[in-house]
Protein chains: 2
Amino acid sequence: MNLKDTRTQILDAAQELIQRLGVNAISYQDISVAVGIRKASIHHHFPTKDDLIATLLDRYNAYFLRLVDNIIAMPIPADEKLRRYCGLFEATLSSGNHDKACLCGMLGAELATLKNPLVERVAVFYRNNEERLATILNEGRNTGVFGFPGDVKAMATLIFSLLEGGILIVRASGGVEQYRAVIEQLMQLVKG
Amino acid sequence: MNLKDTRTQILDAAQELIQRLGVNAISYQDISVAVGIRKASIHHHFPTKDDLIATLLDRYNAYFLRLVDNIIAMPIPADEKLRRYCGLFEATLSSGNHDKACLCGMLGAELATLKNPLVERVAVFYRNNEERLATILNEGRNTGVFGFPGDVKAMATLIFSLLEGGILIVRASGGVEQYRAVIEQLMQLVKG
DNA sequence: GTCTATAGCGCGATAGAC
DNA sequence: GTCTATCGCGCTATAGAC
């Protein structure tokens with residue numbers, strides 16, 4: 001199954017490019033080269049760039065949150081769930097041609113250049129992730145594997161911020177090894 | 001002293017725009033409108049866009065690191081130093097017309113679109129900040145005000161990542177209040 | 001040092017043939 | 001559903017008058 005329909009190929013190429021370069025640095029031309037069709041053909045599938053980004057965000061949010069919910073549903077301790085959650089971001093960084101950030105992390109930096117249906121989709125991604133993190137943190141506290149002080153909600157935002165921020169920061173020099181060290185440090189902090 | 005020379009006005013306007021919108025979303029036209037001159041005049045001061053960004057990065061790095069070093073030199077406990085360091089980022093977020101991220105945080109997202117003299121300047125900013133943070137963390141551990149587990153170097157990267165990431169994330173909804181809550185949570189974690 | 005004018009290019013988007 | 005061709009625009013950058 002290495003022959004996907006054109007629409008999917010367009011979305012895949014656009015996502016890869018945006019995760020590496022940002023939405024304001026890529027064009028229909030770039031995507032058309034990656035897919036091997038002409039840019040008029042892309043306009044047939046996605047009339048405007050905002051149509052493409054909106055579809056991309058819906059697909060990304062659904063895909064990523066399904067992975068997260070699968071982790072949460074596993075019969076494993078909360079610390080192992082947190083580690084696997086962090087692993088999703090680490091996998092993003094190392095996947096494909098490398099140096100890919102989270103799609104919504106990139107769009108977060110460029111947020112003020114987006115129109116409103118797109119801004120809301122990014123905000124929803126953040127909200128959903130922080131909510132899932134809070135679930136894991138609460139479970140870990142209740143079962144005694146987590147002993148961190150302070151507020152669960154603030155802690156969830158803190159973890160999400162460092163995962164999104166770290167994936168951007170380490171691309172400048174330390175790479176995935178530095179990222180892994182940060183996650184390891186986080187695990188120690190959470191256990192308290 | 002509200003009348004600066006044109007060169008400084010150009011740098012100020014460019015910095016404000018990039019911190020809000022990103023380097024790939026702004027143009028000489030945008031800067032010229034903000035300053036009130038024609039874009040050909042900007043090319044007189046900074047022939048190419050890369051010249052402008054390079055100058056901007058040098059100025060920003062020097063300015064920010066001077067603030068940090070001033071904090072480190074103060075005769076106050078390490079936890080107070082860390083709080084003030086975080087305050088620099090919080091002040092960035094709330095300053096001017098609001099929703100400004102760290103200049104190098106924005107460029108970190110767009111890093112793969114930058115040419116090499118600029119990439120290196122961003123990497124240096126990261127390195128210098130993590131080094132300063134490590135200094136504060138070591139001091140806090142030695143004086144007993146910090147009790148966090150794990151490695152100082154990893155902890156410095158973790159803190160820098162969450163400050164850079166958080167400033168991007170909270171712009172989507174929670175704003176500066178959410179940012180303050182994250183910093184407060186961090187302070188509790190560091191004290192251990 | 002600032003201006004007008006323009007070159008040269010890439011962009012998003014559309015029309016219409018096949 | 002993909003193509004060629006093209007429109008109109010904004011971009012970086014330059015030339016040359018004042």
Side-chain angles (χ1 to χ4, degrees), chain A residues 2-57 59 106-107 110-119 121, chain B residues 2-57 106-107 109-119 121:
Chain A
N2 55 5
L3 245 179
K4 297 171 191 156
D5 66 348
T6 305
R7 191 185 157 87
T8 304
Q9 286 180 263
I10 292 168
L11 289 170
D12 290 347
Q15 183 174 331
E16 169 104 20
L17 284 165
I18 296 175
Q19 286 184 290
R20 204 159 50 82
L21 304 169
V23 73
N24 291 321
I26 68 137
S27 66
Y28 272 47
Q29 182 62 26
D30 298 325
I31 301 169
S32 80
V33 168
V35 175
I37 54 176
R38 305 261 121 184
K39 58 178 180 159
S41 309
I42 301 178
H43 280 287
H44 169 75
H45 294 280
F46 304 98
T48 74
K49 205 174 174 182
D50 278 2
D51 292 328
L52 201 169
I53 311 295
T55 306
L56 200 52
L57 280 173
R59 189 183 77 150
M106 293 295 285
L107 295 203
E110 300 173 296
L111 200 72
T113 71
L114 302 179
K115 298 197 200 74
N116 212 268
L118 301 182
V119 172
R121 280 174 167 89
Chain B
N2 56 4
L3 244 179
K4 298 170 190 155
D5 66 350
T6 305
R7 191 185 157 88
T8 304
Q9 286 180 264
I10 292 167
L11 289 170
D12 290 347
Q15 183 174 330
E16 169 105 21
L17 284 164
I18 295 175
Q19 286 182 291
R20 204 158 50 81
L21 304 169
V23 74
N24 291 320
I26 69 137
S27 67
Y28 272 47
Q29 181 63 27
D30 297 325
I31 301 169
S32 79
V33 169
V35 175
I37 55 174
R38 307 258 115 186
K39 54 180 181 158
S41 309
I42 302 178
H43 280 287
H44 169 74
H45 294 279
F46 305 99
T48 73
K49 205 175 175 181
D50 278 2
D51 292 328
L52 201 170
I53 311 295
T55 306
L56 201 51
L57 280 173
M106 293 296 286
L107 295 203
E110 300 174 294
L111 200 72
T113 72
L114 302 179
K115 299 197 200 71
N116 212 270
L118 301 183
V119 172
R121 281 174 167 89

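Chain naming here is simple, since letters A, B, ... match the order of the sequence lines and numbering starts at 1 in each. Quick note: numbers below take in every heavy atom, side chains included, and nothing from hydrogens, waters or symmetry partners.
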Taking side chain to side chain donor-acceptor pair (under 3.5 Å) as the test, write out the residues that go with A:R20, two or more places apart. none
If the condition is ring-ring contact (aromatic ring centres under 6.0 Å, His included), which residues does A:F46 pass it with, not counting sequence neighbours? none
Going by heavy atoms closer than 4.0 Å, what residues in residues 23-30 of chain A are next to DNA chain C? A:I26, A:S27, A:Y28, A:Q29
Residue pairs passing the salt bridge (Lys or Arg N to Asp or Glu O under 4.0 Å) test with at least one member in residues 42-57 of chain A, sequence neighbours excluded, are A:D50-A:K115
Any residue meeting side chain to side chain donor-acceptor pair (under 3.5 Å) with B:T8, in chain and number order, not counting sequence neighbours: B:D5
List in numerical order all residues of residues 31-45 of chain A for which some heavy atom is under 4.0 Å away from an atom belonging to DNA chain C. A:K39, A:A40, A:H43
Using the rule side chain to side chain contact (heavy atoms under 4.5 Å, CB included), only one of B:I31, B:L107, B:N24 pairs with B:I18; which is it? B:L107
Hey, could you give me each pair passing salt bridge (Lys or Arg N to Asp or Glu O under 4.0 Å) that has a residue in residues 25-39 of chain B? Not counting sequence neighbours. none
All side chain to side chain donor-acceptor pair (under 3.5 Å) counterparts of B:T55, not counting sequence neighbours: none
Please list, chain by chain and in numerical order, all residues satisfying ring-ring contact (aromatic ring centres under 6.0 Å, His included) with A:H43, sequence neighbours excluded. A:Y28
Nucleotide interval of DNA chain C bounded by contacts with chain B (heavy-atom cut-off, under 4.0 Å): C:dG1 to C:dT4
With sequence neighbours left out, what residues match A:S32 under side chain to side chain donor-acceptor pair (under 3.5 Å)? none
side-chain contact (heavy atoms from CB on, under 4.5 Å) filter on A:A40, not counting sequence neighbours, yields none
